Student: 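Here it is: the structure, laid out below.
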Amino acid sequence: MALKAGMWSGGAAHHLGGAAHLLGLQAIDNWRRVTPKVSMSDWRLERAKGRRSDLSDSRSRMKKDENSSFVMPTSSFLPSDFAEFKSCNPYTKPLSLTDLPVSGHGCNLRIAYQGCPGAFSEAAALKEYPHCEAVPCEHFDVAFKAVELWLVDKAILPIENSSYGSYHRNYDLLLQHRLHIVSEVQLQVDHCLMALPGVRKKELKRVLSHPQALGQCEIALNKLGVIKESFDDTAGAAQLIASKGLKDVGAIASAKAAEIYGLHILENQLQDVSVNITRFLILAREPVLPMTDRPFKTSIVFILEDGAGVLFKALTVFALRNIDILKIESRPHRKQPIRFVDDSYYGTAKYFHYLFYIDFEASLAEPRAQNALSNLQEFVSFLRVLGSYPIDTSL
Ligand SMILES: O=C(O)C(=O)Cc1ccccc1
């Protein structure tokens, strides 16, 4: 389990070194050795040489360096750093409002995603927070843990696609971690078929990509007659082809991934259905305050009590209050897969145990939503609110 090399800003990696070790994030250490970025210690050295360097100075440097790799990690500026800064800075100036981290468009915000730079999850994070630092992670587990350990602020994960359906395993992750859904992002996903420069379409024997991307481009891939191979993420597939010089292998990924890894696009808009939207969830340690001034949805997960018609009764609690159910997904209860029901006709019946995930259109701040949930408790043995957050109406 490791974050991929080159994924943190210099300062962030410097600060998070200790916590990174907790995670066993060896890659951060490797990265620090090979990437000559300005770090907090370099910044201290400058002052020792007598250069004036205060917070506002760093801020203007951060602006100047927008195109280089150094970003002043304002949000991870620890109190101890500040004390040290004050004690050795002859020009100490009081903190002003402009020195404080800005939020809104995601300045100083770090968002973890699974995959390599150029992945669609990165694009979704940047759509929601245009100025955030998107942090690539090898697996979702790492992204979630990074939030739990305060290494990053939020994580993003794809949850469903308009043509290929749910990212099923990601539903399981929602329950395995105690993070809160704080927003959703819908992104038009345009898939490109790409390969090494000079390679023609008919020379391709295999195509690598995320299983969802392969599914969303099924018609074109079947026409090509290539072997479809799953990869953890779309951009990672492109990176592999470029780094290994694989001549008879193509990737399905974003145009940005083709640009980053120097691949040539053989076909644009490869997806079966041109309007191809993926919905992503953003997760954080703390929930957002539910509001009633704009459309909100609430996501819950529950396990039903045994009994005839309980699913029907559970759904009725929403219908009775005019609450629209937007999405329902059931997943096997992996830890407790079998349900024994004493049935007088057949003896003891064995059924599967399911977790039901429901999104309904109401804010948790509304009494009708609160009443629906307290009513629902009569029919469930387990209930958790995953989040109550604004509906993305941007499409
Ligand atoms: O692999 C990626 O690029 C992802 O971000 C996951 C994904 C895959 C396919 C469509 C949308 C998101």
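Remember, it's 1-based here, ligands and their atoms both numbered in the order they're listed. Keep in mind the model is a prediction, meaning the values are calculated, not measured. Heavy atoms only: backbone and side chains are in, while hydrogens, waters and symmetry mates are out.
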Student: Parallel, tilted or perpendicular: which describes the rings of Y167 and H210, with under 30° parallel and over 60° perpendicular?
Tutor: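 Ring orientation, 0 to 90° scale: tilted.
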Student: Name the residue from E160, E329, R331 that meets the side chain to side chain donor-acceptor pair (under 3.5 Å) definition with S166.
Tutor: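 Checked E160, E329, R331 against S166; only one passes side chain to side chain donor-acceptor pair (under 3.5 Å): E329.
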Student: Within the 4.0 Å heavy-atom shell around D233, which atoms of ligand 1 are there?
Tutor: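 Result: 1 (O).
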Student: Given that the side chain starts at C-beta and the backbone is N, CA, C, O, which of these parts of Y167 lies under 4.0 Å from ligand 1, counting heavy atoms, or is it both or neither?
Tutor: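 Y167 to ligand 1: side-chain contact only, backbone stays beyond 4.0 Å.
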Student: Using a strict threshold of under 4.0 Å (side-chain N to carboxylate O), is an ion pair present between K297 and D324?
Tutor: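 Salt bridge: no.
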Student: Determine whether the side chain, the backbone, both or neither of T278 has a heavy atom under 4.0 Å from any heavy atom of ligand 1.
Tutor: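 Answer for T278: side chain.
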Student: With a cut-off of 4.0 Å, which atoms of ligand 1 are near a heavy atom of T234?
Tutor: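 Within the 4.0 Å cut-off of T234, ligand 1 contributes 1 (O), 2 (C), 3 (O).
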Student: Can a donor-acceptor pair be found between the side chains of D190 and Q188 at a distance below 3.5 Å?
Tutor: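 Looking only at side-chain atoms, Q188 and D190 do form a donor-acceptor pair, the distance falling under 3.5 Å.
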Student: Counting only heavy atoms, tell me which of H191, Q216, Q114, H210 gets closest to atom 6 (C) of ligand 1.
Tutor: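 Ranked by closest heavy atom to atom 6 (C) of ligand 1, first place is H210.
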Student: List the closest protein heavy-atom neighbour of atom 5 (O) of ligand 1: residue, atom name, distance to the nearest 0.1 Å.
Tutor: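 Of every protein heavy atom, S121 OG, 2.6 Å lies nearest to atom 5 (O) of ligand 1.
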Student: In terms of relative ring orientation, are H177 and F144 parallel, tilted or perpendicular, with 30° and 60° separating the classes?
Tutor: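 Rings of H177 and F144: tilted, as their planes differ by 30° to 60°.
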Student: Do ligand 1 and V189 have nitrogen or oxygen atoms that lie under 3.5 Å from each other?
Tutor: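 Among all N and O atoms of V189, none is under 3.5 Å from an N or O of ligand 1.
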Student: Compute the centroid of each ring, for Y389 and then for H180, and state whether the two points are separated by less than 6.0 Å.
Tutor: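 Between H180 and Y389, which both carry aromatic rings, the centre distance is not below 6.0 Å.
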